[in-house]
Each structure stands twice: as structure tokens, then as C-alpha cells.
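Encoded as C-alpha cells, the structure appears first; notes follow it.
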Amino acid sequence: QVQLVESGGGLVQPGGSLRLSCAASGSIANIYTMGWYRQAPGKQREMVATVTTDSTTGKVNYADSVKGRFAISRDSAKNTVYLQMNNLKPEDTAVYYCNALWDLGHNFWGQGTQVTVSS
């Protein structure tokens, strides 16, 4: 089992920045990929950014809508991922969920953290 705990959400004005954190615990050795997804009211959940765990730095992937503004990273212990969000826009408002792709295709999710971008 994997437990994921997100933190760092909040209210920020357009153009501002936030840094989300996701701490993983449990059977973290079998995590292949970690990432961030978001879901806005009335919309489907979408992938924001992912990072693999098969190297020191990992391979990253971003949604087109956040490229150049968001950056995902992880620590060497593979137990924490971050999402640095810069130049935030109102359309970034959503609940952000941490995800871990575990062995045998199992997905684990955090409880979500609210990000609200408003003036």
C-alpha cells in the first residue's frame, strides 16, 4: 500500500506562484511514476505533470497548458514529489491530486489540495 499526502494549496492571485508537495509512504519501492492531476468543477480530471522513478532525475511529462509555467520534481529517496506552479492563471483553479503508479498497475491517490487563482 501507498499513502499520499498533499500540501501547499491555497489562494493566490493571477501571476503568482505556489509549490505543492506530495509525501509518499508505505511500499514506495514499487512506485514507477508519480504525478499531479487536477479536476476543476464540471470538468474531467486531467494530467498536469508526471515524473518517472527509474533514474536519479526521472523523465517528466507536462500537459500543454502548463508547459513553461509548472515544474515537477522529486527527491532522491523517491518519496516526495513537488509541483512548482508559476504564473498561475484563473483557469488553473482546481483540486490537485497526487498520484502514484505502483506495481501491477495499481494507482494510489492523495486526498487532494485546493488551488484557487483569483484576484
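Contact annotation: the side chain of Val48 approaches that of Leu83 to within less than 4.5 Å [non-hydrogen atoms, C-beta and beyond]. Side-chain contact check for Val81 versus Cys98: some heavy-atom pair is nearer than 4.5 Å. Considering only heavy atoms from C-beta on, Gln1 comes within 4.5 Å of Phe108 through its side chain.
Distance alone, capped at 3.5 Å, places no donor-acceptor pair between the Tyr62 side chain and the Arg69 backbone. Looking only at distances, no side-chain donor or acceptor of Asp54 sits under 3.5 Å from a matching main-chain atom of Gly58.
Closest approach of Leu4 and Gln111 over heavy atoms only: O-OE1, 3.6 Å. Heavy atoms only, all atoms of each residue included: Gly110 and Tyr97 are closest at O-CD2, 3.7 Å.
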Can you list, pair by pair, the side-chain donor-acceptor contacts under 3.5 Å of residues 27-41, counting residues two or more places apart and other chains?
from  : atom 1 : to     : atom 2 : distance (Å)
Tyr32 : OH     : Asp103 : OD1    : 3.0
Arg38 : NE     : Glu46  : OE2    : 2.7
Arg38 : NH1    : Asp92  : OD1    : 2.9
Arg38 : NH1    : Tyr96  : OH     : 2.9
Arg38 : NH2    : Glu46  : OE2    : 3.2
Arg38 : NH2    : Ser65  : OG     : 3.4
Gln39 : NE2    : Lys43  : O      : 3.2

Distance-only check: which donor-acceptor pairs under 3.5 Å involve side-chain atoms of residues 10-24, not counting sequence neighbours?
from  : atom 1 : to    : atom 2 : distance (Å)
Ser17 : OG     : Asn86 : OD1    : 2.9
Arg19 : NH1    : Gln84 : OE1    : 3.3

What verdict does the side-chain contact (heavy atoms from CB on, under 4.5 Å) test give for Met85 and Val66, after you've listed the backbone C-alpha separation in whole Å, the side-chain angles of each residue and the deciding distance to 0.1 Å? CA-CA 9 Å; Met85 304 184 293; Val66 306; over 6 Å; no
Residues Trp102, Leu104; criterion side-chain contact (heavy atoms from CB on, under 4.5 Å); working and verdict: CA-CA 6 Å; Trp102 198 64; Leu104 302 178; 5.8 Å; no
Give the C-alpha distance, both sets of side-chain angles, the deciding distance and a yes or no for side-chain contact (heavy atoms from CB on, under 4.5 Å) between Val2 and Trp109. CA-CA 9 Å; Val2 174; Trp109 298 91; over 6 Å; no
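Environment of CD in Glu91: crowded, with over 12 heavy atoms of neighbouring residues, nucleotides or ligands closer than 6.0 Å.
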